[in-house]
2 protein chains.
Amino acid sequence: MSKQSQEGMTARKAENFDDWYTQVILKAEIADYSPVSGCMVFRPSGYAIWENIQRATDAEFKRVGITNTYFPIFIPERLLQKEAKHVEGFAPEVAWVTHAGASKLEERLAIRPTSETMMYEVVSKWVRSWRDLPMRLNQWNNVVRWEFKHPTPFLRSREFLWNEGHTLFATEKEADAERDEIMGIYTRITEDFMAIPGYMGMKSKSETFAGARATYSIEHLLPDGKAIQGPDWHSDGQNFSKAFGIVFIDKDGNKEHAWQNTWAITTREIGVMLAVHSDDKGAVIPPKLAEVQVVLVPIVNDENKEAVLAEAKKLFHTLAANFRSRLDDRDNLTPGKKFNEWELRGVPLRVEFGPRDMREGQAVLVRRDTGAKRPVRIGAIAEEVENELESIQSSLFDKASKALSDNTHEASTLGELKRILSQKGGIVRVPWCGKSECEARMKEETGGKILNVPLAQKKSRHKCASCGEDALSLANFGKSY
Amino acid sequence: MSKQSQEGMTARKAENFDDWYTQVILKAEIADYSPVSGCMVFRPSGYAIWENIQRATDAEFKRVGITNTYFPIFIPERLLQKEAKHVEGFAPEVAWVTHAGASKLEERLAIRPTSETMMYEVVSKWVRSWRDLPMRLNQWNNVVRWEFKHPTPFLRSREFLWNEGHTLFATEKEADAERDEIMGIYTRITEDFMAIPGYMGMKSKSETFAGARATYSIEHLLPDGKAIQGPDWHSDGQNFSKAFGIVFIDKDGNKEHAWQNTWAITTREIGVMLAVHSDDKGAVIPPKLAEVQVVLVPIVNDENKEAVLAEAKKLFHTLAANFRSRLDDRDNLTPGKKFNEWELRGVPLRVEFGPRDMREGQAVLVRRDTGAKRPVRIGAIAEEVENELESIQSSLFDKASKALSDNTHEASTLGELKRILSQKGGIVRVPWCGKSECEARMKEETGGKILNVPLAQKKSRHKCASCGEDALSLANFGKSY
């Protein structure tokens, strides 16, 4: 039998990011490998993060009138083929079901890589009049994209969990207006809950979702200097409604095709979050998303054990009433070993409580992110812990924001772009004329790509780094995961 | 384009249960068919029921220390075969993935019909010492069982949603003690939330879960006189821990195999609930689980429209602050049409508010289950609605309990059993000696089966209905869905 090692971290974030990341995920018991290559296991601590993300995001969805649904995981091959660009984009990564029991199926079934085709085929029966619109549906489910690149837990997994929002509107204007609402929700979730900043913008044509007419994304930066795409929102126009016959009678009695959008946030985001915040001691998890927010470690010896534990239990009662809390009263480990273990696992705040603390009516708070310690009055423990958790949450975001801004550069020529990317990495703002040839050239020469183009730029006076003609915008450019 | 009919119910529950059930599900817009035969679509109203069930159940799981996880949907064929009886039970219904993109896979992957094999293979790496136990894991996910029988939304669907609990204990005694805790949770969820009663008991050997040593179930009764299995709990003993090498060092330093249980509640339960409560006007949904608990329908004409709507909006504000509420202020439908639509959709309580009500400071509550109307003071609307919803919730359960008890019979001979089943249907308490031959004979002669055997019976003085020898117990017997 092969039992897993529970030793601490050995890899260093600054020296070997890939090994370090894998160690954080595995040793902090956030996720594990599975017997299926490229598919991961979410352990309780990792799944709790997703549950907390999901709860916060879903509350925002419901607030703006989005309703949840569930559609089948199987998509018949002919259905997947109904929108030409869409199938072209996904077919190479589809897992196919060909048999059920001992019988061969008449038609192959795709495991959903995304559900446009299944949903729109069905939804076309539900929409008749402008009164049925907007129809704003969402699913929280699992999807499969059989990538052949090197898999990495959360960051690149053949099966992943996500939300897929699919919305239908009577007019283009209403459909377009949804962008800021949804990207606003995703921005709040990534910034306020995951404590990770990013750049919002529009993807170039070559990076637009298969079947969409425009894609907007939030782009994050990993500590190794590579960018990685976060949540996205796609304007589908009438592409799918034409392919699937989603027709309604408008206010004037005319037949119209619905205007559609889709949008998603995935479990990849958990990997980005852990990569950004964690350190050489192990995982660092923002308090709002951590399975355990506070761990209480009583410090006892044989003489005072009973008295200290009795008081610690009272203290724990207060903590547990207010926070996701754990009492570590295991008698086979020293306090030092316990500290290491909870630091490895990324619990945001440790409360130490020993005989001296008991005498003085205090407990000691120790922050996971900075290691800072301070004694607080037992009588004010709930307020003190709450303040400390809020402070941790906001300093994680501040630190990550500083890292992003420190690693965002500007380049005005192709040579400069190339040099910055190879020497420093990070995200480079580069002037671009908007032409695909220039995008392709920048990509080829640097190994990076246009991540997205920020909205609402002042009219640029810059010249395209590739062709020297007037630039339409400064694009976010970087090597990407 | 084929647009769905939104006409009301035409089938009668008492006359043609199957057609009636399908009409309720489709016309109340709870679920829909999909392009994949046997796989259903959960529409917003249907998925909301599942979300509410899930939320209530998950809170109970968390309260007793169960943690959620997520394991891959794919199970390699060799892994599925590790426990002999288990694979034998599931192989005929497995959907197989054989290709990814254009590549043939080296080994076929099963879409999980249940996750014992995947989870235990991985978990065997996580358990080392008695200190790691109990380990109580759960997943909320989708599973696929490719049944070849006639599919019915919720009741028999090739893909369904469920929880699968998988727990590991250091001792048999602790493992066995979990039964009452979990079956207690399932009983509260089915009775207090779904308002459906059932009989708890142990399955016979022939009906025990593939790979388990004992299965306990809650058995419900459908209005057509057939029984249907609800949530279940399985004692696996050490069957799987031996097959998967889940070994730990016990307190005395000896190697031991873990004791395991599994348990589940599925979306089938939604179908049972709707079948039990709904009527010839459409769906009846218990208030605790309904997507919309209260619908406010203002009754206006051209003269008073503005004044009534303004007051109705204030009233709606109070309702929405306390209940899942909807204001139906559509101007293209008569109140009567609206009443019919919300009755069809199963909203538990309607609030009518017209000019006379406005003058008199009242609103009229109309119950979906009984049709009873009563005026209430606007000033007390929140309390009145709350009381009414509670009353609906409990009368649904009382009515269903009476139906179950009215349709539970006793038989002491095989002839009597046969006669009751063919004339009345329902559940029959029948004395049984415990032998498989007698079970098989009763099954063959009546077309029914032993559903389960209630716990804690007084020593029976009865004689087995089949062989006439001393009966060990009175079994619950019935034709089963």
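Below, chain A is the first sequence line, B the second, and so on; all start at residue 1. What you are looking at is a predicted structure, and each value in this text was computed from that prediction instead of being measured.
Within 6.0 Å of atom NZ in A/Lys337, 12 or fewer heavy atoms from other residues, nucleotides or ligands are found, so the atom counts as exposed in its surroundings.
The residue among B/Pro35, B/Gly46, B/Ser34, B/Ala48 with the most heavy atom pairs within less than 4.5 Å of chain A is B/Pro35. For the options A/Val94, A/Thr67, A/Asn138, heavy-atom pairs under 4.5 Å to chain B are most numerous at A/Val94. Counting heavy-atom pairs under 4.5 Å between each of A/Val36, A/Val41, A/Leu109 and chain B puts A/Val41 at the top. Contact count versus chain B (heavy atoms, under 4.5 Å) is highest, among A/Trp146, A/Trp140, A/Trp50, A/Phe90, for A/Trp146. Residue with the most contacts toward chain A among B/Met119, B/Arg78, B/Arg131, B/Met40: B/Arg131 (heavy-atom pairs, distance under 4.5 Å).
Proximity to chain B is absent for every atom of A/Gln139, based on heavy atoms less than 4.5 angstrom apart. With a 4.5 angstrom heavy-atom cutoff, A/Glu107 does not touch chain B via any of its atoms. Only the side chain of A/Leu79 comes within contact range of chain B, with heavy atoms under 4.5 Å apart. B/Ala91 touches chain A through its backbone: at least one of N, CA, C or O sits under 4.5 Å from a heavy atom, while the side chain does not.
In plain terms, the two heavy atoms of A/Lys125 and B/Tyr33 that are nearest each other are NZ-O, 4.3 Å. Considering all non-hydrogen atoms of both residues, A/Glu159 and B/Phe71 come closest at OE1-O, 4.3 Å.
A/Trp126 has its side chain within reach of B/Arg43: a pair of non-hydrogen atoms, C-beta onward, lies under 4.5 Å apart. Residues B/Asn141 and A/Asn142 form no side-chain contact, since every pair of their non-hydrogen atoms from C-beta on lies 4.5 Å or further apart. With a 4.5 Å cut-off on side-chain heavy atoms, A/Arg158 and B/Phe74 do not count as touching. The shortest distance between side-chain heavy atoms of A/Arg55 and B/Arg55 does not fall below 4.5 Å.
The aromatic rings of B/Tyr47 and A/Tyr70 sit parallel, their planes meeting at an angle under 30°, below the 60° perpendicular limit.
Each side-chain hydrogen bond (donor to acceptor under 3.5 Å, both in side chains) pair with one or both residues in residues 88-106 of chain A, not counting sequence neighbours, appears once here: A/Thr98-B/Thr98.
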